[in-house]
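Here's the structure, in structure tokens; my notes come after.
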Amino acid sequence: MLSRDLLRNESDRARALLASRGFDVTALDQWLSLDAERRSGLVEVEDLKRRRNESSKAIGKIKREGGDASAQIAEVGELKGQIETLTSRLEEVETELMQTELGFPNVPDASVPEGEDEAANREERRVGEPRSFDFQPQAHWDLGPELGILDFERGAKLAGARFTVYSGMGARLERALINFMLDLHTGEHGYTELLPPFIVNRDALEGTGQLPKFEEDLFRVEPKGLYLIPTAEVPVTNLHREEILDEEALPLRYTAFTPCFRAEAGSHGKDVRGLIRQHQFNKVELVQVTTPEQSFDALEQLTGHAEKVLQMLELPYRVMTLSTGDMGFSAAKTYDLEVWLPGQDAYREISSCSNCTDFQARRAKIRYRPKGGKPQLAHTLNGSGLAVGRTLIAILENYQQADGSVEIPEALRPYLGGLSKIEPKG
RNA sequence: GGAGGGAUGGCUGAGCGGCCGAAAGCGACGGUCUUGAAAACCGUUGACCAUUAACGUGGUCCGUGGGUUCGAAUCCCACUCCCUCCGCCA
């Protein structure tokens, strides 16, 4: 959610910022008229309540003194009716106002390039040289089955398209990557490891911005109407929902490995081959809760923490700042890390690091208390550190050898019992 | 799944249907004292909304949602969560 102050008192600026994201700003006009109606209604109903409270107190006093309070009782009865009708109207307005508000995306930071889509994204830097091959590099959807470590067909048999079975060294490599990333973030970057629920309620998803707008992207779990998490960002960011944190405790840094579940509605025909776009995938997530002063520095740091994984695995990548039109709903600024995939001759997203400023904190009521001051909204950040399946892909494609084997990056070998190479089966 | 107990401010914990936004303690903050700190003592200390140039003023909130009543933290109903015991279970 955006601050009502911004919407109300700087509505022209809000309009321009929302428009830059491709958002239909007629909703803002609707919001403004609802807000005005709410406020004038509040003044009216609060005055009626004041009169009712005064009369009620008078009744108590008269009765204690043994007097006759029937005049006051009649007055209260009349006020009550007026309050009821006004209140029910106000509740309608409030509900509509909320619904409108929950539909507004975050506003972009001034440093974000303006543009309609990914074409306007700004490349910040490239790290690492793409390796030159003296043979035609294969894509992971060929390498994986040939090595006997990825089984797309049996994944489809078990659950349908976009599900994959990891087998043997594939499963082992995925597990090694998870441990490697968690150890790095907890050991070197100061994050606390969490193992949260993989199923959450609506409140949590509303807190981080997936609901109410993006319900069709989620898997719903029937008996209780809960949802499978689309990212660990949801349970981890909501950890401190409706809490007032001590300022000294900030910044909070959490890392969590979880599987992620996405319905991928509307992405038919996109990335249908291989492991790029799955209904279920593993991710190690980074989340920070900071003060407003800290959050943009924290975004640089957090992005650096995710980059460190790629650097240690010696995978070439580039850093992109997403444009206003390409950013996610809750983000004020986002860096995407794109890893080089030689099998596809392209950079592909492997991490997305965002500063959500106070947007999620306002929805989830995550606050902190400055020393001796009033509670304030915190800022929240999240980033993948990294998407594990895509990291595995990157290793297969970048470290493949002419004989069909795949070398293991040095940094990962301790996690694989010292193994240096995955050989084709047979 | 069955039986019982509970949910009050940052925390612990009182609270005859009106005088309760709520005792007390802890914590936090400010002050006295001290070279400084601790201790002691004094004082301040919930959140949200509206309104006001401001000082303020008003409204709402005692798990959530309904109900009874002129009036509810207090009475009634439903739900959620937590605890104890029994059953079942990885």
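So that the names make sense, note that chain A is the first sequence line, chain B the second, and so on, each numbered from 1.
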Check the distance between [N]'s [atom2] and [X]'s [atom1] and give it to me in whole angstrom.
X	N	atom1	atom2	value
R362(A)	C49(B)	CZ	P	10 Å
E248(A)	G27(B)	CD	P	16 Å
E37(A)	A50(B)	CD	P	15 Å
Y368(A)	G10(B)	OH	C1'	17 Å
D246(A)	G46(B)	CG	C1'	15 Å
L42(A)	A50(B)	CG	P	7 Å
I244(A)	U45(B)	CD1	P	17 Å

Please tell me which of the listed nucleotides, [options], lies nearest to the side chain of [X]?
X	options	answer
P375(A)	C48(B), A50(B), C70(B)	C48(B)
K80(A)	C49(B), G10(B), G71(B)	G71(B)
R39(A)	G71(B), U51(B), C48(B)	U51(B)

Determine the Euclidean distance between corresponding [atom1] atoms of [M] and [N]; express it in Å to zero decimal places.
N	M	atom1	value
G18(B)	A73(B)	C1'	13 Å
G43(B)	C62(B)	C1'	27 Å
G5(B)	C75(B)	P	14 Å
C81(B)	A24(B)	P	35 Å
U52(B)	G59(B)	C1'	15 Å
G21(B)	G31(B)	P	32 Å
G10(B)	G36(B)	C1'	29 Å
C41(B)	G46(B)	C1'	26 Å

task: Hey, can you tell me if H189(A) and H185(A) have their rings parallel, tilted or perpendicular (30° and 60° cut-offs)?
output: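 H189(A) vs H185(A) ring planes: tilted.
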message: If we count only N and O atoms by modelled type, under 3.5 Å, do the side chains of N106(A) and T357(A) hold a donor and an acceptor together?
response: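 There is such a pair (donor and acceptor under 3.5 Å, judged by atom type) between the side chains of N106(A) and T357(A).
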message: When you compare the side chains of Y254(A) and H240(A), does any donor N or O come within less than 3.5 Å of an acceptor on the partner?
response: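 Checked: Y254(A)/H240(A) side chains pair up, N/O donor to acceptor below 3.5 Å.
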Quick check: does any side chain N or O of [X] sit under 3.5 Å from a backbone N or O of [Y], one acting as donor and the other as acceptor?
X	Y	result
R175(A)	Y415(A)	no
R273(A)	A139(A)	no
R390(A)	E349(A)	yes

- request: Represent RNA chain B in dot-bracket notation, 5' to 3'. Only Watson-Crick or G-U wobble pairs with both distances under 3.5 Å count; pseudoknot-style crossings use [ ] and interstrand partners use |.
  value: ((((((((.[[[..)..(.....]]]((((((.......))))))((((((....)))))).[[[[[..)....]]]]])))))))....
- prompt: OP1, OP2 of C19(B) versus side-chain N and O of K57(A): anything below 4.0 Å?
  reply: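 It does not, given that no N or O in the side chain of K57(A) lies less than 4.0 Å from OP1 or OP2 of C19(B).
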Does [X] pair with [Y] as a salt bridge, N-O distance under 4.0 Å?
X	Y	answer
R162(A)	E264(A)	no
E410(A)	R413(A)	yes
E242(A)	R367(A)	no

field: Check: F261(A) ring centre within less than 6.0 Å of F281(A) ring centre
entry: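 Aromatic pair excluded; centres sit 6.0 Å or further apart.
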statement: Protein heavy-atom contacts under 4.0 Å, written 5' to 3' over nucleotides 53-64 of chain B as B (base), S (sugar-phosphate only) or - (none), form the string -----BSS----
- request: May I ask you to say what R8(A) touches in the nucleic acid, namely base, sugar-phosphate or nothing, with a heavy-atom cut-off under 4.0 Å?
  value: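 Sugar-phosphate: the residue R8(A), judged by heavy atoms under 4.0 Å, touches backbone atoms but no base.
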